[in-house]
Amino acid sequence: MTAYIPFIPAIPLLSSLIIILFGRILSKKIVAFLGVGSVSLSAIITIIAGINFISSTPENGSYTVTVWNWLTTGGFSANIAFSVDALSLIFCFVITFVGALIHLYSVEFMDHDEGFARFFAYMNLFVSSMLILVLADNLLLMYLGWEGVGLCSYLLIGFWYKEPENGYAARKAFIVTRVGDTAMIIGLFLLFINLGTLNINELMQQASLKWAVSSPLAILSAALLLGGALGKSAQLPLQTWLPDAMAGPSPVSALIHAATMVTAGVYLIARTHVLFALAPAVQAAVAVIGAATLIIAGFSALTQHDFKRVLAYSTISQIGYMFLALGVGAWSAAVFHFMIHAFFKALLFLGAGAVIHLLHHEHDMFKMGGLWKKLPIIFITFLIGSASLAALPLISAGFYSKDAILWFAWSSTNGSKWLWLAAYFGAFITSIYTFRMIFVTFFGEAKTEPTHKPGKLMTIPLVVLAIISLIGGFIELPENFGHFQIFSRFLSTTLPSVQLAGESHNELLFQILSAIASLLGIYLAYLLYFKKSSFAESFSNSQLANFFYKGWQFDWLYDKVFVKPLVWLSEINKNDFVDKIYTAIAKATEFLNSLLSRTQQGRLRWYVMVLTAGVVIILTFMLNL
Amino acid sequence: MNTIFYIAGAIALLSSILAITNRNAIHALLYLILSLLSISVIFYILGAPFIAALEVIVYAGAIMVLFIFVVMMLNIGLEEELENKWLKPRMWILPSIIAAILLANLIYALRVLEHQTVTPQIIQPKQIGISLFTTYLLAVELSAILLLAGIIGAYHIGKQKKKIIHRFLKK
Amino acid sequence: MVTVSLEVQILFAGLLFLIGLVGLLVRRNIIFMLMSIEIMLNSAGLVFVIAGSHWAQADGQVMFIFILTVAAAEVSVGLALILQMYHHFKTLDADALNTLRDKNER
Amino acid sequence: MEYIFIIAGVLLIVLTIAAGLIWVERRLLALWQDRYGPNRVGPFGLFQVLADMIKIFFKEDWIPPFADKAVFVIAPGILMISILLTFAIIPFTDSFFVLDSNIGLLFFLGNSSLGVYSIVLGGWASNNKYSLLGSIRASAQMLTYEVFMGLSLMGVVMMSDSFNLREIVEAQRGMWFVFPQFIGFVVFLIAGVAETHRTPFDIPEAEGELVAGYHSEYSGMKFGMFFVGEYLGVTLISTLIVTLFFGGWLGPSFLPPAFWFFFKTAFFICFFVLLRASLPRPRYDQLMDFGWKILLPLVLLNILVTGAIILYLQ
């Protein structure tokens with residue numbers, strides 16, 4: 001029954017290998033068929049696995065499929081083993097389903113690109129790595145997937161490598177996430193040394209057995225893992241790479257930098273939630289970081305001109321929501337928001353990509369406008385996605401997921417009103433910048449003409465995702481709204497449910513409040529950007545806006561704090577004074593060598609003489625002693 | 001028989017000394033062959049007739065012919081003045097000292113033998129053959145490989161590239 | 001058969017070895033060096049045969065056969081090398097083969 | 001004392017035969033090549049040998065001034081000594097032999113390998129380029145053919161279980177080894193011709209190209225020694241072929257064993273002369289190729305098969 005699980009990551013991997021090896025000789029059709037087909041096949045298998053899982057859920061909530069023993073050394077052993085539970089199934093579903101749609105979209109999007117085969121090879125490799133990441137039953141294998149997605153991200157950001165800036169963005173993404181990855185691998189070492197295993201289930205059991213709540217080791221290891229999660233998920237203070245990562249093709253942004261890879265941090269924290277529960281301080285930090293990130297990124301999104309950069313900051317902000325949810329212990333709310341976010345953000349990126357694609361690669365929103373008549377399907381789907389992002393009440397899926405987070409930020413035991421306030425304010429900003437995007441791009445006077453209508457391959461994924469973004473929220477309804485909670489029940493086998501501080505609060509009040517925030521944001525955007533209020537003009541020219549536009553100057557800060565001192569240090573150490581010691585050793589050796597080399601004069605007889613004399617001397621001593 | 005031993009031994013030592021001091025390569029080789037033949041005599045009277053025959057066939061008959069062959073091919077042997085330049089009397093000092101120390105060591109070590117006399121028995125070729133192909137079978141195989149390597153090595157090293165190339169083949 | 005004492009026999013072999021050794025150390029002509037090596041090898045074989053006849057065992061003579069094998073291989077390769085050397089350096093001077101020495105010194 | 005008589009007898013017989021062969025060969029060559037041989041001195045030219053000997057003894061014994069004198073003088077002696085010594089191990093009859101040695105065959109091989117020196121040194125000491133070329137050829141040829149001369153005899157040794165020639169003859173009472181060891185016999189015959197460097201393997205002297213090769217500087221009795229040495233070699237190889245492959249002195253008892261031995265030997269000597277009379281001389285590289293590429297594998301195969309059959313029959 002479970003034997004097919006390994007095929008979920010294996011099929012894209014195989015397809016990737018085939019395309020890498022034979023990409024040059026295969027025709028575009030075959031490459032496209034392989035690329036899309038493999039991911040679709042994985043999606044089908046995932047759905048079958050999901051149905052099987054629901055119909056016969058294992059007792060402890062997960063089952064493991066061991067493929068083979070990867071390595072065994074000393075007391076350590078790691079298997080290539082895949083663990084299936086509700087959490088990984090949801091992630092798998094999102095990855096393969098959204099992945100398949102994005103692949104389909106890419107067939108048209110990348111049609112005229114010379115790197116067509118290369119693109120699909122990377123994408124398939126990415127899907128495979130991401131699936132390994134979420135299915136891994138031990139942290140080492142997970143780390144393999146973790147680095148695999150990092151690699152694919154690097155490759156795909158720099159996909160159009162002929163532009164130097166793209167390469168720079170790719171390197172930036174790689175290096176910044178590397179900071180987090182380093183913390184994470186140290187965390188893995190720490191866990192292994194103290195708990196003796198990297199198998200996630202055993203690890204969680206051992207941790208809860210051996211470590212008390214708030215014990216230093218628990219805090220340290222949770223903090224280190226959090227470091228990895230921050231890097232991958234572009235959270236404060238490692239968020240600077242994601243906006244630049246938009247240099248990659250739009251499907252890449254949709255799949256990697258919105259839907260899947262950047263949520264790996266969410267997955268990691270959810271997966272190791274036991275550890276975080278043991279370290280309340282770190283968990284609180286998660287919440288605070290999430291809240292801070294969502295506001296900072298929201299403000300940045302407000303001022304961007306580049307279509308995709310708005311969405312990138314929005315992604316950072318939305319992941320901030322997920323982190324907030326994780327931080328307050330609302331695990332299932334975080335995962336729910338991840339899923340919904342994956343749908344609508346992929347939709348938004350694909351829509352934005354389509355617009356950019358059709359407008360001669362024009363990225364600046366203010367050079368677009370009036371597109372709603374010319375590209376109606378894209379407009380409608382984009383509007384649905386935006387509604388979801390802005391959490392338009394009742395009809396959008398985003399409302400339900402974000403509302404849950406807002407509610408738990410207030411009401412859970414770990415929550416506080418400050419967190420709620422931040423999240424609430426964030427939601428308000430979200431709806432402003434979302435509809436700023438809509439009004440600027442799709443309304444007003446037309447500035448650029450689209451070249452042609454999008455093809456079927458591009459519109460079908462948009463429509464499908466739009467439908468899901470509309471109805472996806474109904475699988476999890478708040479308690480006061482019919483209390484229809486398939487999703488959290490499904491997840492409850494894996495993740496604990498949120499603990500509420502008290503029952504006294506009225507959930508409905510909060511829903512109304514967030515609805516007001518959302519609608520108010522939309523109205524404000526309407527005033528500022530549809531009616532062209534002069535305030536918008538003056539604001540966008542202000543210092544503050546520039547500050548926000550530059551992403552709160554984090555790049556500048558890092559340049560001053562890390563890069564410049566390092567360059568300065570390297571400069572003063574130009575002559576490598578530490579090396580002087582070694583040079584001295586080398587010089588001394590060289591001198592000794594020159595002494596010795598006098599004996600190496602190339603005279604055979606001299607060598608024989610010395611050899612013989614040596615033997616004679618030794619023999620004399622041996623005989624007489 | 002002891003007399004034969006002493007005579008053959010004396011000839012062997014003398015001809016060896018002449019071999020290493022001679023200026024002429026062919027003469028030296030002849031002295032060396034003489035030395036080998038007298039050692040072969042010693043082998044014979046020590047009860048090793050097979051080895052004596054091998055010494056003559058292989059050592060004196062084949063290996064030394066190779067030497068002579070090479071010396072003849074290089075057409076050397078009449079370079080007395082060069083050898084005189086190479087063989088200055090003071091060159092003998094250090095080697096002689098080393099040899100003297102070694103000889104002293106040898107004599108010192110030999111005192112443990114305490115005048116043991118030997119009454120050798122003749123060992124027939126058959127015994128050697130049986131010993132070779134049972135106890136030392138592996139060593140025989142290894143020597144076969146060694147000889148093969150020697151053949152190939154000598155062939156490869158000794159091969160000379162054609163120095164004269166046809167003018168059309170020159171660059 | 002021979003009744004010369006073992007001591008004298010081994011001394012004889014030892015003297016032969018020393019003659020070869022001195023020859024090896026003194027001669028500059030590489031052919032003579034190879035010849036001296038042959039003398040030494042031969043004397044080593046002689047000791048084996050003496051020992052074999054002392055204990056009336058075939059092993060000593062077997063060892064001599066192996067020495068013979070080694071000598072044959074050594075001489076064939078050695079002479080091929082000498083041929084090459086002569087063609088390369090136009091001399092048989094062993095001291096001429098010093099192109100691998102450290103040129104910076106001396 | 002008896003010992004000395006035997007040695008003297010053997011020497012006398014052998015040398016007489018060798019000297020007589022000079023006449024025999026010339027007469028036989030004349031017969032086969034349809035011309036006159038020596039027929040003036042004495043009946044049938046029989047005293048031609050004597051006349052030649054007188055001439056050779058009284059000729060000026062000239063040593064070239066550019067020659068290496070000592071080696072020049074020693075060289076022909078080595079040939080004579082090595083061949084004459086080998087006759088010591090030939091069992092002419094059951095009781096008439098010089099040495100009954102356990103390593104008889106090895107003694108022959110050792111001496112034949114020493115015989116090379118005479119030609120090599122003779123050619124080198126002459127200090128003449130033709131002589132040198134001849135001796136280089138000779139050393140290469142003899143080294144080559146010595147290898148499988150020794151190997152070709154190993155089949156015989158395996159079958160008779162001994163190096164002792166008398167025992168080898170005794171072992172042929174049932175059947176001459178020429179039948180089971182036919183390959184060995186053929187190879188030994190060819191190698192024997194090459195060892196004595198007679199036509200067709202007389203490349204070291206090759207009058208046409210090397211003006212008599214290694215002995216072109218020799219004259220007088222030294223040349224005579226080379227000359228007689230060749231006939232001694234022919235005799236020696238013939239006696240060995242007879243001893244090793246044709247049952248030695250064995251034969252029907254109505255005639256003495258000595259007769260059978262000399263009869264068979266005479267047959268092979270005549271065969272050698274016939275070879276000279278009928279075969280042309282091959283090229284040098286053909287000779288070497290033939291040796292290494294045909295005879296050597298053949299001999300090794302012979303040893304392998306013989307060993308396998310002996311093992312099987314045990």
Side-chain angles (χ1 to χ4, degrees), chain B residues 1-2 5 9 12-13 16-17 19-20 25 28-29 32 36 39 43 45-48 50-51 54 58-59 63 66-67 70-71 74 76 83 86-87 91-92 95-96 99 102-103 106 110 113 115-121 123 127-128 131-132 136 139 143 146-147 149-150 153-154 157-158 160, chain C residues 1-7 9-12 14-16 18-23 25-29 31-32 34-36 38-39 42 45-46 49-50 52-54 56-62 64-66 68-77 79-84 86-87 92-93:
Chain B
M1 278 297 192
N2 284 357
F5 178 89
L13 289 177
S16 295
I17 290 171
I20 64 156
L29 279 166
L32 186 55
L36 293 174
I39 289 168
F43 283 148
I45 58 179
L46 278 175
F50 183 60
I51 294 302
L54 276 190
V58 179
Y59 242 121
I63 296 180
L66 267 186
F67 265 102
V70 167
V71 172
L74 300 181
I76 48 171
E83 285 287 346
W86 284 350
L87 276 179
M91 308 258 279
W92 294 91
S96 305
L102 209 52
L103 183 64
L106 183 67
L110 280 178
L113 290 180
H115 301 283
Q116 288 190 35
T117 49
V118 198
T119 43
Q121 289 169 298
I123 291 163
Q127 275 173 273
I128 298 167
S131 191
L132 261 179
Y136 296 98
S143 343
L146 176 73
L147 284 176
I157 296 167
Q160 279 175 32
Chain C
M1 288 262 105
V2 183
T3 51
V4 179
S5 76
L6 192 57
E7 216 178 357
Q9 292 179 14
I10 291 180
L11 195 64
F12 165 64
L15 280 172
L16 213 57
L18 290 177
I19 289 168
L21 182 65
V22 172
L25 295 179
V26 169
R27 299 306 298 240
R28 244 170 104 170
N29 189 326
I31 285 192
F32 282 90
L34 207 58
M35 275 163 62
S36 306
E38 291 309 309
I39 296 176
N42 206 41
L46 182 60
V49 173
I50 290 169
S53 79
H54 180 61
Q57 297 258 314
D59 304 48
Q61 303 190 20
V62 169
F64 184 83
I65 291 175
F66 289 137
L68 212 62
T69 316
V70 171
E74 172 241 323
V75 165
S76 57
V77 176
L79 286 175
L81 284 170
I82 287 177
L83 275 181
Q84 279 300 335
Y86 194 72
H87 282 281
L92 288 175
D93 185 2

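Each chain gets a letter, A, B and so on, in the order its sequence line appears, and its residues count up from 1.
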In Å and rounded to the nearest 0.5 Å, what is the [atom1] to [atom2] distance from [X] to [Y]?
| X | Y | atom1 | atom2 | value |
| --- | --- | --- | --- | --- |
| B:Ile63 | C:Leu34 | CD1 | CG | 10.0 Å |
| B:Ile51 | C:Leu46 | CD1 | CG | 11.5 Å |
| C:Ile39 | B:Leu13 | CD1 | CG | 10.5 Å |
| B:Leu32 | C:Phe32 | CG | CZ | 10.0 Å |
| B:Leu106 | C:Leu18 | CG | CG | 7.0 Å |
| B:Leu146 | C:Thr69 | CG | OG1 | 7.5 Å |

*Fit a plane to each ring of C:Phe64 and B:Tyr59, take the angle between them on a 0 to 90° scale, and name the class: parallel (under 30°), tilted (30 to 60°) or perpendicular (over 60°).*
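The arrangement is tilted - the two ring planes meet at 30° to 60°.
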Looking only at heavy atoms, which two atoms of [X] and [Y] are closest? And how far apart?
| X | Y | result |
| --- | --- | --- |
| C:Ser36 | B:Ile20 | OG-CG2, 4.0 Å |
| C:Met35 | B:Leu29 | SD-CD2, 3.7 Å |
| B:Pro95 | C:Val26 | CG-CG2, 3.6 Å |
| C:Val22 | B:Ala99 | CG2-CB, 3.5 Å |

_Top contributor to chain B interface from C:Leu68, C:Val70, C:Leu83, C:Leu81 [non-hydrogen pairs under 4.5 Å]_ =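 Of C:Leu68, C:Val70, C:Leu83, C:Leu81, C:Leu68 has the most heavy-atom pairs under 4.5 Å with chain B.
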_Top contributor to chain B interface from C:Val62, C:Leu25, C:Leu11, C:Val77 [non-hydrogen pairs under 4.5 Å]_ =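 If we count pairs closer than 4.5 Å to chain B, C:Val62 comes out on top.
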*Which one, B:Ala139, B:Ala19, B:Gly153, B:Ser96, leads in non-hydrogen pairs under 4.5 Å with chain C?*
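Among the listed options, the one with the most contacts to chain C is B:Ala139.
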*Side chain, backbone, both or neither: which part of C:Gln57 has a non-hydrogen atom closer than 4.5 Å to chain B?*
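Just its backbone gets close to chain B.
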*C:Leu21 versus chain B, heavy atoms under 4.5 Å apart: side chain, backbone, both or neither?*
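For C:Leu21, the contact with chain B is made by the side chain alone.
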*Pick out which of C:Leu16, C:Leu15, C:Asn42 makes a side-chain contact (heavy atoms from CB on, under 4.5 Å) with B:Ser16.*
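One option only clears the test, and that one is C:Leu16.
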_Run the side-chain contact (heavy atoms from CB on, under 4.5 Å) test on C:Gln9 and B:Phe5 for me, step by step, so that the C-alpha distance in whole Å, both residues' side-chain angles and the decisive distance to 0.1 Å come before the verdict._
CA-CA 9 Å; C:Gln9 292 179 14; B:Phe5 178 89; 3.8 Å; yes
